[in-house]
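To find a chain, count down the sequence lines: A is the first, B the second, and so on, and within it residues start at 1. Worth saying up front: this structure is predicted, and the values here are computed from it rather than measured.
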Number of protein chains: 2
Amino acid sequence: MTPMSNSRPETKIQARNRAVIRTAALQVFSTYGFRGSTLDQIASEAGLSKPNLLYYFPSKEAIYRELLEDLLENWLDPLKEMDPGGDPVSEIMRYVRHKLEMSQKFPRESRLFANEILQGAPQIGQELSGSLKEMVDGKAAVIQGWIASGKIADVDPHHLIFSIWSLTQHYADFEVQVNAVLGGQDPFEAAEAYLTQVFTKLLTP
Amino acid sequence: MTPMSNSRPETKIQARNRAVIRTAALQVFSTYGFRGSTLDQIASEAGLSKPNLLYYFPSKEAIYRELLEDLLENWLDPLKEMDPGGDPVSEIMRYVRHKLEMSQKFPRESRLFANEILQGAPQIGQELSGSLKEMVDGKAAVIQGWIASGKIADVDPHHLIFSIWSLTQHYADFEVQVNAVLGGQDPFEAAEAYLTQVFTKLLTP
DNA sequence: CCTACCTTTGACCAGTCGGTCAAATAATGA
DNA sequence: TCATTATTTGACCGACTGGTCAAAGGTAGG
């Protein structure tokens, strides 16, 4: 009997092994994408046998989906927290710093997402044009309000959001290139200063 | 006798079929990455049989390498063309527009590169820390010169270059997400206006 | 026409893929 | 203790992987 097919409470072994598998799968999927990854790789990375993996998850796709679902929750949350009542420049800068910090602390999650999008978002396409679009449109309206009241400069809100995603995630997704070009020095300190400069100049009316 | 193993001039059939294969392989590799792509996929996309593919290219890796090598040439060229003697803001803006145009016209090439970097640059790692770093360092020195003479604002040159790459390539690499959020309208017109605004404000002293 | 080379392919190979299963092994609780 | 359940694994499956090969089908020049 597989642990997913009943509704008994999760044992300690189950909790531990499912976590181990998720970590291993994140490592592999974020590097090679769904199709480029194999169960044997993940099993080896997790220190478990392949049938043992499939005792905890019904399929390769199920592991991948669980990772992506967890990701989408945590990934889009910080944008939701942008407060329409707060100071516009501070709110946006806080979001920028938060996203940059996510790239620094969770580069694998960022790359997992990038891989999924590069491959045409076969698993999360609906969320993108559904809840994500909804949320972005909502925040774009908030930003448009800030513009209308003259609190920040007149910039396209959607592209402003894209530029925040792009600039911050770049340090995770293109980590290898950034490190190669910078020759080993840590990029994030200078990145934060640079991004602060960019968005301060851009948003100041 | 395979056409790569001698030095006779290329026949018309060879030229045509090698081009067909490159196009098909670009489509597949740029979507699924090297490991996620199969020769059968590429052969099917090219309308050729799998042994026929391997008549024109010695291996899957050889096709991939040829694509990447062609890419690196065309991809990094425009940065080289940035003229130290020209007007700084114009030169940088011209580069930004050029890169954005590349994202619009050659999104598959951009995604091929992105996939290679995401996977840790197993094929082009040396070029990144070799010739690419060299060239970027050179251009960063040029930009630093412009800053020193007060022609543009004081920004970190390396991160300025990263931000140009990141912002422009985002519209190719994350095309699916951008289209989903924008709901079908063409992103590039607004993107060009937005990026002009960003870099004008950033660079004006 | 013929011959020499170019091109294409069906059949095949060993290794790997995601996934199954029965049996063995550990943990748990009465 | 013993029986029940949870966990682990070796052996295995059919499908697919990158790649080979010999033979067949085209093509071009003399």
query = Is there a side-chain contact between R111(A) and T31(A), using heavy atoms and a 4.5 Å cut-off?
reply = no

ask   = For E134(B), does the CD atom have more than 12 heavy-atom neighbours from other residues, nucleotides or ligands under 6.0 Å away?
value = no

query = What integer distance in Å separates I63(A):CD1 from dG19(C):C1'?
reply = 12 Å

key: Rounded interatomic separation in angstrom, taking NZ from K50(B) and P from dC13(C)   = 14 Å

query = Counting just side-chain N and O atoms, does Q14(B) come under 4.0 Å of either OP1 or OP2 of dT7(C)?
reply = yes

query = According to a strict under-4.0 Å criterion, is N17(B) in side-chain N/O contact with OP1 or OP2 of dC6(C)?
reply = no

inquiry  = Would you say S49(A) places a side-chain N or O within less than 4.0 Å of OP1 or OP2 belonging to dT8(D)?
reply    = no

key: For atom CG of L39(B) and atom P of dT9(C), their distance in whole Å   = 15 Å

query = For Y56(B) and dT8(C), what is the distance between atoms OH and C1' respectively, to the nearest whole Å?
reply = 8 Å

query = So which one's nearest nucleotide on DNA chain D is more toward 5', T38(B) or G47(A)?
reply = G47(A)

task = Would you kindly give the CG-to-C1' distance between D40(A) and dT9(D), to the nearest whole Å?
result = 14 Å

task = Could you check how far CZ of R16(B) sits from P of dT27(D), rounded to whole Å?
result = 10 Å

Member of F34(A), Y32(A), F57(A) meeting the ring pair (Phe, Tyr, Trp, His ring centres under 6.0 Å) criterion with Y64(A) = F34(A)

query = Roughly how many Å is it from OH in Y55(B) to C1' in dG10(C), rounded to a whole number?
reply = 17 Å

task = Would you mind telling me which of dG19(C), dC6(C), dT9(D) lies closest to the side-chain atoms of P51(A)?
result = dT9(D)

query = Any idea which of dT20(D), dG18(C), dG19(C) is nearest the L54(A) side chain?
reply = dG19(C)

task = Indicate yes or no for a side-chain donor-acceptor contact from K99(B) to the backbone of I164(B) under 3.5 Å, with no hydrogens or angles considered.
result = no

note = 5'-most contact on DNA chain D (nearest-nucleotide basis), R35(A) vs L53(A), goes to L53(A)

task = For residues Y95(B) and H98(B), establish whether the separation of their ring centroids is below 6.0 Å.
result = no

Spacing between I21(A) atom CD1 and dG19(C) atom P, to the nearest angstrom = 14 Å

